[in-house]
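Report on the following structure.
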Amino acid sequence: MAAPRSFLWTRRIFLTLLTAFVVLPVYVMVSSSLKPLEDVSGKFEWIPSGLTIRPYFDIWETVPLADYFVNSIVVAGAATVLSVAVAIFAAYAVSRYTFRGKRVFTVTVLSTQMFPGILFLLPLFLIYVNIGNATGIALFGSREGLILTYLTFSLPFSIWMLTGYFDSIPRELDEAAKVDGCGPISALFRVIVPAASPGIIAVAVYAFMTAWGEVLFASVMTNDTTRTLAVGLQGYATQNDVYWNQVMAASLVVSVPVVVGFLLLQRYLVAGLTAGAVK
């Protein structure tokens, strides 16, 4: 049965407004990044009178953007790898085994997502400072400390998501692997992990995107040498002026890795988010 014309027109109008709502900010960013500073500082013009790509070269000189890139890649990449590795083992144990405290563990893992991140900021800061004073291990102001910080809020969601995905995989696959002589760990990596690859990729994308754009903890837990991109963009604002064209250019450059990765892994991300939701 064909949909009513009123529904079709309502859908077209809604999708048009939604597209404009998404595209217009991107257009403002792109056009502003291609304008001289004096044009950006004045009244906004929808059709630029003069275009220049100079801001895309200046962003690397105004602030050490390349160093921030390296810090973000190292921190986000390490947090992603650790989050996925730990979540695979934890989710497999929760999904396939019964042990004392299993329900308490799952409820605790999920309940951590209820609290805002700022509640953990001061406790983590004090813990890192005390560990540094007691052992000499510099977690505060280091990449390692920031990686551990990101695990505190990416790992619980990763475990919960992979547990639901592993539950959707038939247990007969485990039994068939055991018949073939595989132990629990061998069955996990030879059978379960390949079958759960969409869910694992979805978890990896989530962990990377969360770490890549995080600002709150990065602004407190880093220093001038370990600063990430999300915090480093503040360097384009000085006491005398704000380089808006460079801010827009740097924001677009920073978004490229995440956008490209999302487009390449989109089908795996959608499959991973939906397959484990319904058994």
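Reckoned from all heavy atoms, side chains included, excluding hydrogens, waters and symmetry mates.
Distance check: Leu121 CG to Thr149 OG1 gives 9.0 Å after rounding to the nearest 0.5 Å. In this structure, the separation between CG on Leu37 and CG on Asp58 is 10.0 Å, given to the nearest 0.5 Å. The CZ atom of Arg227 lies 12.5 Å from the CG atom of Leu65; values are rounded to the nearest 0.5 Å. Once rounded to the nearest 0.5 Å, the distance linking OG1 of Thr19 with CG of Leu24 reads 10.0 Å. To the nearest 0.5 Å, the span separating CD on Glu214 from CE on Met221 amounts to 9.5 Å. Taking OG of Ser255 as the reference point, atom CE of Met29 lies at 5.5 Å (rounded to 0.5 Å).
The two residues Ala79 and Leu151 come nearest to each other via the heavy atoms O-CD2, 3.6 Å. Here the closest heavy-atom approach between residue Leu188 and residue Pro194 is recorded as O-CD, 4.4 Å. Nearest heavy-atom pair, Pro36 versus Thr52, reported as atom, atom and distance to 0.1 Å: N-CG2, 3.9 Å. Ile169 and Ala195 get closest at one heavy-atom pair: CD1-CB, 4.1 Å. Between Gly141 and Asn223, the closest heavy-atom pair is O-ND2, 3.1 Å. Of all heavy-atom pairs spanning Tyr92 and Pro184, the tightest one is OH-O, 3.6 Å.
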side-chain contact (heavy atoms from CB on, under 4.5 Å) between Val94 and Lys102, intermediate numbers included: CA-CA 7 Å; Val94 173; Lys102 175 180 177 179; 3.9 Å; yes

Could you give me the CA-CA distance, side-chain angles and deciding distance for Leu155 and Ile159, then say whether side-chain contact (heavy atoms from CB on, under 4.5 Å) is met? CA-CA 6 Å; Leu155 190 56; Ile159 294 175; 3.9 Å; yes

Show your reasoning for whether side-chain hydrogen bond (donor to acceptor under 3.5 Å, both in side chains) applies to Asp167 and Ser95. CA-CA 6 Å; Asp167 288 341; Ser95 175; 2.6 Å; yes

Given side-chain contact (heavy atoms from CB on, under 4.5 Å), test Leu146 with Thr226 step by step and report yes or no. CA-CA 9 Å; Leu146 194 59; Thr226 59; over 6 Å; no

Run the side-chain hydrogen bond (donor to acceptor under 3.5 Å, both in side chains) check on Ser158 and Ser83 step by step: do they pass? CA-CA 7 Å; Ser158 300; Ser83 181; 3.1 Å; yes

Show your working on side-chain contact (heavy atoms from CB on, under 4.5 Å) between Thr163 and Thr106 and close with a plain yes or no. CA-CA 9 Å; Thr163 299; Thr106 54; 5.8 Å; no

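Thr135 places no side-chain N or O within donor-acceptor distance of the main-chain N or O of Gly132, the cut-off being under 3.5 Å. In this structure, the side chain of Asn245 does not engage the main chain of Pro55 through any donor-acceptor pair within 3.5 Å. In this structure, Ser186 contributes its side chain and Gly183 its backbone to no donor-acceptor pair below 3.5 Å. At least one donor-acceptor pair closer than 3.5 Å links the side chain of Ser72 to the backbone N or O of Leu229.
Around the OH atom of Tyr128, the shell of radius 6.0 Å holds more than 12 heavy atoms that belong to other residues, nucleotides or ligands. No more than 12 heavy atoms of other residues, nucleotides or ligands sit less than 6.0 Å from atom CZ of Phe14. Counting heavy atoms of neighbouring residues, nucleotides and ligands inside a 6.0 Å radius, atom CZ of Arg103 does not exceed 12 of them. Residue-environment remark: CZ (Arg190) stays at or below the threshold of 12 foreign heavy atoms within 6.0 Å. Dense packing is recorded around CG of Leu15, with more than 12 heavy atoms of other residues, nucleotides or ligands lying under 6.0 Å away. Heavy-atom contacts from other residues, nucleotides or ligands closer than 6.0 Å to CD1 of Ile118 number 12 or fewer. Applying the 6.0 Å contact sphere to CZ of Phe57 captures no more than 12 heavy atoms from other residues, nucleotides or ligands.
You'll find the ring centres of Phe189 and Phe89 inside the 6.0 Å limit. Here Tyr150 and Phe153 bring their ring centres to under 6.0 angstrom of each other.
Here the side chains of Ile73 and Trp212 are in contact, with some heavy-atom distance below 4.5 Å. Inter-residue side-chain proximity for Trp244 and Ser32 is flagged as unmet; no heavy-atom pair is nearer than 4.5 Å. Looking at heavy atoms from C-beta onward, Tyr236 lies out of side-chain contact with Val242 at the 4.5 angstrom threshold. Residues Ser219 and Thr222 form no side-chain contact, since every pair of their non-hydrogen atoms from C-beta on lies 4.5 Å or further apart. Counting only heavy atoms from C-beta outward, the side chains of Ile192 and Arg96 approach each other to under 4.5 Å. For the pair Phe208/Ser154, no side-chain contact is recorded, criterion being any heavy-atom separation below 4.5 Å from C-beta on.
Cluster membership check: Phe166 shares its hydrophobic cluster with Tyr206, using side-chain heavy-atom separations under 4.5 Å among Ile, Leu, Val, Met, Phe, Trp and Tyr. There is a path of hydrophobic side-chain contacts, each under 4.5 Å, that joins Leu173 to Ile88. Cluster membership check: Val253 does not share its hydrophobic cluster with Val70, using side-chain heavy-atom separations under 4.5 Å among Ile, Leu, Val, Met, Phe, Trp and Tyr. Leu122 is connected to Ile131 through a chain of hydrophobic side-chain contacts under 4.5 Å among Ile, Leu, Val, Met, Phe, Trp and Tyr, so both are in one cluster. Note on Ile59 and Val63: same hydrophobic cluster, where clusters join Ile, Leu, Val, Met, Phe, Trp and Tyr whose side-chain heavy atoms are under 4.5 Å apart, directly or indirectly.
Ring planes of Trp160 and Phe157: tilted class, angle from 30 to 60°.
Defined by atom type and a distance below 3.5 Å, a donor-acceptor pair is present between the side-chain atoms of Asn71 and Arg143. Using a 3.5 Å distance cut-off with no hydrogens or angles, the side chains of Tyr56 and Ser33 do pair a donor with an acceptor.
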